[in-house]
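Written below as structure tokens is the structure these notes are about.
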Amino acid sequence: MDFNDTPEEAAFRKEAIEWLEANAERLAPGKRRQSGIAGTGELMKAAKAWQAKKADSKWACITWPEEFGGRSASSMQRVIFNEEEAKFDVPPNLFGIGQGMLGPTIMAHGTPEQKDRYLEPMLRADEVWCQLFSEPSAGSDLAGLRTTAVQDGDEWVVNGQKIWTTGAQESDWGMIVTRTDPTAKKHAGITYFIVDMKSPGIEVRPIHQINDSREFNEVFFSDVRIPDKNRVGAVNDGWRGAITTLMNERASIGSGGSMGVGIKDLLKLARETEWNGRPAIEDPSVREKIADFYWKLKGLEYTGYRALTSLSKGATPGPENSIGKMVGAPLRQDLAAFAMELQGAAGATNDPGDTPFGGAFQQSWLGSPGLRLAGGTDEILHNILAERVLGLPGEIRADKGLAFQDIPTGSAR
Amino acid sequence: MNFDFSEEQKLLQQTARDYLTEHCTLEVGRAVLEGGGTHSESLWKGVAEMGWLGAAVPEEYGGAGFGRLELALIAQELGRALAPIPFGPSVYLATEAVLEFGSDEQRKKYLPRLASGDLIGTFAFAEGPGRVGADAVATKFDGSTLTGTKFPVADGGIAGLAVVVAQGASGPQLVLAELDGVKSDTITSIDPSRGQARLHFEGTAAEALGSGGAAAISHLLDRAAVLTAFEQIGGAERALDETKAFTMGRYAFGRPVASFQAMKHRMADVYAAIQLATSNAYYGAWALSTGDDELATAACGTRVAACEAYDLAGKEIIQMHGGVGFTWEYDCHLFYRRAKLLSLSLGTPGEWRDKLIDRLEA
């Protein structure tokens, strides 16, 4: 039991540090890296430039096979590179959805022509990708999707609506799952396509979120034409590809670092905030709360170390990693809310100039409900742990054996 | 990064589990609980023969010469088996105290007997209801004798040696006292498979154990907290396993009750609590085994997480069994009792939360 690198890991880390030192500036003490999952304007330009620089030296998508421009690195090596990269003042990677989830799906189910055409520009971030899965009536029940694709010669005509599409407005390409046979059972009538986001008939409407940002979008499809050569996998067999994408989504979310303000910031806040003329940290109720945040957050951090250890022994990320989001997301919401309570009535203000930590706790509180929903709600994650880790029975499904067209869907009925 | 136990250590754990599966069914604990005895003498003897009592004791003092990581895994299995023996008080507290703070003479005198199981050790710090920090302890040590009353003392009725927290000339300190001739009353326990006693020291002959004062007391508790946590985690895991097995086989409304989402989600929450406790405990074990300064904070997180996980698993096993869970015949109450007994020993989770903030702010 130790926290040191193996000799191989140490050698890899050294190589990564040397390259980073030569190509980027280290973060100044106390400075935070900008974070984000989607971006526009200058941030996007900088992120693309950094990605291209990494690609030139084979430090982009290092876990991809060498034939597609990666270096066939292990998950552990990816973690090591990410750890070291996080110490440098470089833009965030805004391309994780393509590189982490969609690229591996094309590798697994795409044609040789698709691999040739799409993977390299994706790796270099010359082209940006989005994932068109969720619909207004098909979120957790993804296979309930209703966007249709109808074949017309060697093209498909797509109609319907997608939602929560991260970064759609900046994307060149999208991966979309569609309904192609409503008379089949729900998972058996789905087909998966690559779609040019500049196609006529696509309308992207940003969604204004409660934290004032607009990373997600509604995307409307009106008679959008997709050539058959952009189909991924066989007709009506798209669910297999969707599963590949979702598996890779779990793996990439599971490796995410810390988000925003944390326990150190909370301790500092409690030390510097006065309650009736005394530091709040001296109040027993405050001590108790912070102690609980501490061991829970440390528990999650060390659970991550255990997962890393099994990765380093060659295991693939499994469903047990769902605990990170199941526990972590509500915990961050509670931590932010408590930090605001520590500030008393002033907790209601979030003016960057007047509020501790520039209003970061308030911002975290406003963003955290989204964390609890993205990539699976609390309830879905509980089900995953109960069924796939503990082996408890699956949910009883009212739609079992029915043709899709006979299943009540959405909120209309 | 290797945040895991080694294959050899896991093999030792499996050996312990196999032995206890055979020799320590829940019936063994139930027999002590119902029979009014103090502990399972045959299991104590067996555990001694397996070398577990001296797992972390060097061979020169009659031990097996493993380390704390090995001891932690044995603790986890004893917890899983709800072993009705004075393992914790004797091994994590008395033995660890003599090992850490004893003179060579004290080590030579006591460790071989503790490791063989001939001598049962315990730790006496509480003095009745309420929280008593070391500074407020009333029991007096004048350099050669002890005076005062300690209760509850875990397994105080059967122990032959006690590590006692007492006020010495320059503040609280650890004192070593043999218990032959010391008056003790048995006190009933919420977990009658683990005994509690009141010890009356009336000018009892005693000797100082090290010269560490309050810091030594605190360090000893940190060490014991980590080892106890493994016992708690083993118990919580077993409680969840039993809950799962019962709810998979119990039908209501035409389905196994384990298939109801309300039940699945509660079991997922218990699982998550156990994982948080396990991960904290791994960190605690690493700090304990390497002697790292991190032990002071790691022990606090480990302690609170383990108490939370076992208390939750111990409550939920009864609720998820339904009415039968509240009967004497079903085993659920064995977990409910043991979980609370362990979370009230060594200082409550509330005290450890407070200590955690002290240490983070130090």
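Proteins get letters first, then strands, A, B, ... in listed order; numbering begins at 1 in each.
- Interface remark: Thr303(A) contributes backbone and side-chain atoms alike to the contact with chain B (heavy atom separation under 4.5 Å).
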Criterion side chain to side chain contact (heavy atoms under 4.5 Å, CB included) on Gln275(B) and Arg306(A), from CA distance to verdict
CA-CA 10 Å; Gln275(B) 291 308 306; Arg306(A) 288 166 62 206; 3.1 Å; yes
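- Contact count versus chain B (heavy atoms, under 4.5 Å) is highest, among Leu308(A), Asp5(A), Asn383(A), Ile80(A), for Asn383(A).
- Annotation: Tyr302(A) is not in aromatic contact with Tyr282(B) [ring centroid separation under 6.0 Å not met].
- For Thr278(B), the parts sitting under 4.5 Å from any heavy atom of chain A are the backbone and the side chain alike.
- Met1(B) touches chain A through backbone and side chain together, each having a heavy atom under 4.5 Å away.
- Heavy atoms of Leu390(A) lying under 4.5 Å from chain B belong to its backbone as well as its side chain.
- Contact between Val327(A) and Ala272(B) at its shortest, heavy atoms only, is CG2-CB, 3.9 Å.
- In this structure, OG in Ser322(A) is found 9.0 Å from OH in Tyr271(B), a value given to the nearest 0.5 Å.
- With a 4.5 Å cut-off on side-chain heavy atoms, Glu361(B) and Ile281(A) count as touching.
- By the neighbour-count criterion of 12 heavy atoms within 6.0 Å, atom CZ of Arg255(B) is densely surrounded, having more than that number from other residues, nucleotides or ligands.
- Salt bridge present: Arg353(B) and Asp292(A) bring a charged side-chain N and a carboxylate O closer than 4.0 Å.
- Proximity to chain A (any heavy atom under 4.5 Å) is shown, for Gln9(B), by neither the backbone nor the side chain.
- Here the side chains of Met267(B) and His382(A) are not in contact, with every heavy-atom distance at 4.5 Å or above.
- Neither the backbone nor the side chain of Val286(A) comes within contact range of chain B, judged by heavy atoms closer than 4.5 Å.
- Counting only heavy atoms from C-beta outward, the side chains of Met263(B) and Leu392(A) never approach each other to under 4.5 Å.
- For the set Arg287(A), Glu9(A), Met76(A), the entry with the most heavy-atom pairs within less than 4.5 Å of chain B is Arg287(A).
- With rounding to the nearest 0.5 Å, the separation of OG in Ser279(B) from CH2 in Trp295(A) is 11.5 Å.
- The 12-atom threshold is not exceeded at NZ of Lys268(A), counting heavy atoms of other residues, nucleotides or ligands nearer than 6.0 Å.
- Both the backbone and the side chain of Glu395(A) come within contact range of chain B, with heavy atoms under 4.5 Å apart.
- Scanning all heavy atoms of the two residues, the minimum distance from Ala386(A) to Ala268(B) falls at N-CB, 4.4 Å.
- Neither the backbone nor the side chain of Arg266(B) has a heavy atom closer than 4.5 Å to any heavy atom of chain A.
- Under a cut-off of 6.0 angstrom, the local environment of OH in Tyr330(B) is sparse, with at most 12 non-hydrogen atoms contributed by other residues, nucleotides or ligands.
- With a 4.5 Å cut-off on non-hydrogen atoms, Glu301(A) does not touch chain B at all.
- Open room surrounds NZ on Lys264(A); 12 or fewer heavy atoms of other groups in view lie less than 6.0 Å from it.
- Residues Gly391(A) and Met248(B) share a closest heavy-atom pair of O-CE, 3.5 Å.
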From CA spacing to verdict: side chain to side chain contact (heavy atoms under 4.5 Å, CB included), Trp286(B), Tyr305(A):
CA-CA 13 Å; Trp286(B) 166 80; Tyr305(A) 293 166; over 6 Å; no
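- Between chain A and the options Leu240(B), Asp358(B), Thr290(B), heavy-atom pairs under 4.5 Å are most frequent for Asp358(B).
- Proximity to chain B (any heavy atom under 4.5 Å) is shown, for Leu311(A), by neither the backbone nor the side chain.
- Annotation for Tyr336(B): atom OH does not count as buried by contact number, only 12 or fewer foreign heavy atoms lying within 6.0 Å.
- The candidate from Asp269(B), Leu69(B), Thr302(B) with the greatest count of non-hydrogen atom pairs under 4.5 Å with chain A is Asp269(B).
- Residue with the most contacts toward chain A among Ile357(B), Thr297(B), Val304(B), Leu360(B): Ile357(B) (heavy-atom pairs, distance under 4.5 Å).
- Residue Ile396(A) holds its CD1 atom at 5.0 Å from OG of Ser259(B), rounded to the nearest 0.5 Å.
- For a residue to count as touching a neighbouring chain, one of its non-hydrogen atoms must lie under 4.5 Å from one of that chain's; by this rule Tyr294(A) touches chain B with the side chain only.
- Judged by distance alone, the side chains of His265(B) and Asp378(A) never bring a donor and an acceptor atom under 3.5 Å apart.
- Atom NZ of Lys14(A) is surrounded by 12 or fewer heavy atoms from other residues, nucleotides or ligands within 6.0 Å.
- Rounded to the nearest 0.5 angstrom, Lys296(A) NZ and Leu276(B) CG are separated by 8.5 Å.
- When the candidates Met326(A), Lys298(A), Arg271(A) are compared by the number of heavy-atom contacts under 4.5 Å with chain B, Arg271(A) comes out ahead.
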